Amino acid sequence: MPEIDALFESINVRDLLAGHDLNDPTTPLSAPDLRLLINRLQSHSLRIKSKVQSYLVAHHSEFSDLFSTCQDAVSRTRLISDDVSDVVELVSDRPVDVEIRKVVDEITEKTKEVRLKRESLELVSAIVGICEAVEETKVALRGGRFRFAAERVRELKGVLRVGEEEEGGEPVAYALLRKEWSDCFDEIQEVLARFMESAVRFELESCKLRISYQLSVGETTGIALTTVLEAMEVIGMLDYGLAKAADSIFKHVITPAVTHASTFNAVEDSCKTSGDITEATLQLDQSSDHKTEDVDGEAIYSGILKVVKFICSSLCFGNVTWIHSFGRLTWPRISELIISKFLSKVVPEDASKLADFQKVIERTSQFETALKELNFVSPSDAEGRLSKYAENVEVHFASRKKIEILAKARSLMLQCNFTIPKGLAMRNANSSKHIVRLLFSSEVCMVSEAASQLMHLVHKTLEDVCVSSARVATECYHAARDSILLYEAVVPVKLEKQLNGINQAAALLHNDCLYLFEEILGLAFEYRASFPSSIKEHAVFADVAPRFKLMAEEVLQRQIQLVVSSLQEAIDSADGFQDTHQMKQFESAKFSIEQVVFSLEKVHMIWEPVLRPKTYKQSMCLVLESVFRRITRDILLLDDMAADETFQLQRLIHLMFENLSSLLGSLKSADETSRPLDDLIPSLRKSRKLAGMSLLTLFTSPLNFNTKLWYMLKLLDMPLKSITSAWESGELLSCNFTRTEVQDFIKAIFADSPLRKECLWRIEDVVN
């Protein structure tokens, strides 16, 4: 009805109110507008009705056909519904389908039962057959029919799918049958192994290897050796069955052929009965003929070949499979034995003799070729063990050389006790092996025998590097480096206890590290130009040297710290030098000073003979500085000192210097090129002003140093104004006294008075 659709689409309210703006929501429609809209809509409605009526009249026949078709469809639907109702009523009255279903289910159940019974019967038949086969196998085994029994065992293995067991879904009987098969297999394996063991025997008394061809074990007699071997091959136990025989032959026959090749002699023989060979023997005799040393392996290889040929012909009967099995069991051990007992020992010790080793390489290659021709060594399994080892003799030479170098270096370090001969000192031992000259500083230094011999070993090794092939040179270079690193790893651990105390071993270790540091730095400059080009760019020693420099500093600092700690503990017992005018306190302080002097003299005796003069002087000055600084500090911290107390303190300080005269004298003469003691021991400057100048020995002695401690002795006798003048002149400041120390000292010595206040004000007012 496109005409009707077009008519409806033509109705547009906007067109009916053409003079009015419908988009403006603020403009309402007036009553005339609404009446006009209603009239126009009624007019359109009448037009639509007229059009619809005209359309229906024009298409009356089409609408009649449509209504008739609908009426026919409704009638047929009612007929079908009636038929379905009749069928449903019929089925409900007589349930035939239920009876049919019952019959079908019964038939299915019976069929399943029949199938299960048939399968069970087949399973029972199979189990019975397997049981009979197992029993038959056992009977055959007892009757000596080993080949038949072995074949049955192999067949049953496939039937029972041994090794392919499933987790579930198998009959329990299968597990029981596999257990029966396993027991049967173990039994036949044990029986065959016993027969094989009786077939091959070695008589120690007569040194004879016997191989019997007619075997008897228990009640089973007359079994041929070939039958036993065939049965073992069938069930796959050749390696197991030949293992004991192979072990016995290797131990009693092949080993002597290698270790005593010069006297080894093997003679074959056989025993016949009724024309058949019943036994083969190999007699081992010690030859009385004197033979030259077997340097090229000819005697060893010929002896082993004779034994192998005997085995291949008399035991394996030329069967390739049996020969391969015996070879697998013995060849790895034979090759290792030849390498360890012969080839490794004839590797040249000198690189110049490597060319003479060529004959050994040729003999070894010929030996392996002969074994391959006998099928004793399969081409895929051989891998040329001996030939490769012999051809790589350069590698073995280098490896052995490296092992020897490292072993010698380790032995040097472990055997060295890090002591110096009694009475030996650097000043009178210029020719001693303990005395060396440092490479860069040109100083004389005392080192341990381990360090000097280690560097001798390193130099000799690097000289070999310069004349060796690339491969040998590389190994020797690494051996030299590892030897040096071995010192770092071994010696500190070896001297662990000594390093926790004050002794010459620690001082020697310090010197060793300095010596090794400079020597290592010089190695590259000395040898690099002569190194083979293959390692010239890779040879590095500079990375190792700083470790020894650091170790030397750490060892020395640790020794100094131990000494300082010990001296500080001794000074602690003086209780700050308080109340020394009392006899008990004075004796305690005196004992403390004596302990300090004793410890310093002990360190002097340990260090001076070993350390370089400059190092000895600097180290001892550090120790003395810590002692003098501590004593000076304790005295300056005293308050309200009596006159007797100052006198006793003078006595104690003078006692200490008198007892240290030899030590201080050794420091003055130790190293005249270094800084003076005044600079190395700043605390000594404070002594002069703390002590009286009346003791002429103080200034007439060779120890008249301008030090803090000497000024301290002078200050103990100086009047207040003199002390103030000394500060104003800068004399005390030059002796390392501080303003606070001088002020506290004045307060401790002198009572409060206008003069003291004036002097303290003058000291405070001075600008230094």
Side-chain angles (χ1 to χ4, degrees), residues 395-418 433-434 436 438-441 445-468 470-500 505-532 534-559:
V395 176
H396 306 311
F397 168 77
S399 177
R400 190 172 73 176
K401 190 76 173 176
K402 181 178 180 180
I403 293 172
E404 290 175 356
I405 292 170
L406 292 177
K408 188 174 181 180
R410 183 175 181 274
S411 177
L412 288 174
M413 298 167 199
L414 293 179
Q415 292 177 6
C416 180
N417 55 11
F418 286 85
K433 60 185 177 181
H434 289 273
V436 297
L438 298 181
L439 189 60
F440 294 103
S441 62
C445 183
M446 180 178 291
V447 298
S448 68
E449 189 174 350
S452 61
Q453 292 188 6
L454 173 64
M455 285 314 303
H456 176 74
L457 178 64
V458 170
H459 282 290
K460 188 176 183 305
T461 303
L462 294 179
E463 289 172 1
D464 292 340
V465 170
C466 297
V467 297
S468 299
R471 187 176 293 179
V472 176
T474 301
E475 290 296 323
C476 289
Y477 157 70
H478 286 295
R481 269 185 63 98
D482 293 346
S483 298
I484 296 172
L485 294 174
L486 200 60
Y487 184 97
E488 181 189 19
V490 172
V491 174
V493 177
K494 173 182 171 66
L495 300 180
E496 183 177 6
K497 292 184 179 179
Q498 289 91 323
L499 293 178
N500 290 326
L508 272 177
L509 178 58
H510 166 77
N511 288 354
D512 284 358
C513 292
L514 283 180
Y515 168 63
L516 293 174
F517 165 70
E518 296 202 3
E519 287 291 320
I520 293 168
L521 285 179
L523 291 177
F525 298 100
E526 186 174 357
Y527 295 104
R528 184 186 296 274
S530 303
F531 281 168
S534 59
I535 68 168
K536 186 176 295 185
E537 299 300 324
H538 306 288
V540 179
F541 292 97
D543 62 315
V544 180
R547 298 155 76 162
F548 287 91
K549 178 70 171 178
L550 180 62
M551 191 192 305
E553 294 298 329
E554 289 177 349
V555 171
L556 183 60
Q557 291 302 319
R558 187 176 182 183
Q559 284 290 292

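From a predicted model like this one, the values you see are computed outputs, not experimental measurements.
Here the closest heavy-atom approach between residue T461 and residue A480 is recorded as CG2-CB, 4.2 Å. Heavy atoms only, all atoms of each residue included: L406 and A479 are closest at CD2-O, 3.8 Å. Residues L454 and L412 share a closest heavy-atom pair of N-CD1, 4.0 Å. Considering every non-hydrogen atom in both F548 and C513, the closest pair reads O-CB, 3.3 Å. The shortest non-hydrogen separation linking P492 to L499 is O-CD1, 4.1 Å. A pairwise comparison of heavy atoms in A552 and H510 identifies O-ND1, 2.9 Å as the closest pair.
For S411 (side chain) and A407 (main-chain N/O), no donor-acceptor pair under 3.5 Å exists by modelled atom type.
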Yes or no on side-chain contact (heavy atoms from CB on, under 4.5 Å) for L516 and Y487, after CA distance, side-chain angles and deciding distance? CA-CA 10 Å; L516 293 174; Y487 184 97; 3.7 Å; yes

Stepwise side-chain contact (heavy atoms from CB on, under 4.5 Å) check, V490 with L414: CA-CA 8 Å; V490 172; L414 293 179; 3.8 Å; yes

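Between the CG atom of L556 and the CG atom of L514 there is a distance of 8.5 Å, given to the nearest 0.5 Å. Atom CG of residue L509 and atom CE of residue M551 lie 6.5 Å apart, to the nearest 0.5 angstrom. To the nearest 0.5 Å, atom CD of residue E475 and atom CD1 of residue I535 are 10.5 Å apart. Remark: N417 CG to Q498 CD distance equals 9.5 Å, nearest 0.5 Å. The distance from the OG atom of S452 to the CE atom of M446 is 11.5 Å, given to the nearest 0.5 Å. For the atom pair N511 CG and C445 SG, the distance stands at 3.5 Å (nearest 0.5 Å).
Within 6.0 Å of atom NZ in K494, more than 12 heavy atoms from other residues, nucleotides or ligands are found, so the atom counts as buried in its surroundings. For NZ of K536, the number of neighbouring non-hydrogen atoms (other residues, nucleotides, ligands) closer than 6.0 Å is greater than 12.
Looking only at side-chain heavy atoms (C-beta outward), L462 and C476 stay at 4.5 Å or farther from each other. Side-chain atoms of V472 and K401, non-hydrogen and from C-beta on, never get closer than 4.5 Å to each other. Side-chain contact check for V491 versus D512: every heavy-atom pair is 4.5 Å or farther apart.
The stretch residues 514-523 participates, sequence neighbours left out, in these side chain to side chain donor-acceptor pair (under 3.5 Å) pairs: H459-E519. Listed by first then second residue, pairs satisfying salt bridge (charged side-chain N to carboxylate O under 4.0 Å, His left out) with a partner in residues 477-487 read K402-D482, R481-D543, not counting sequence neighbours.
Looking at residues two or more places apart in sequence or on another chain, you find no salt bridge (Lys or Arg N to Asp or Glu O under 4.0 Å) involving R528. Remark: A539 pairs with Y477, F531 by the side-chain contact (heavy atoms from CB on, under 4.5 Å) rule, at least two apart or across chains. Residues meeting the side-chain hydrogen bond (donor to acceptor under 3.5 Å, both in side chains) test with E488, sequence neighbours left out: R547. For E463, the salt bridge (Lys or Arg N to Asp or Glu O under 4.0 Å) criterion is met by no residue, not counting sequence neighbours.
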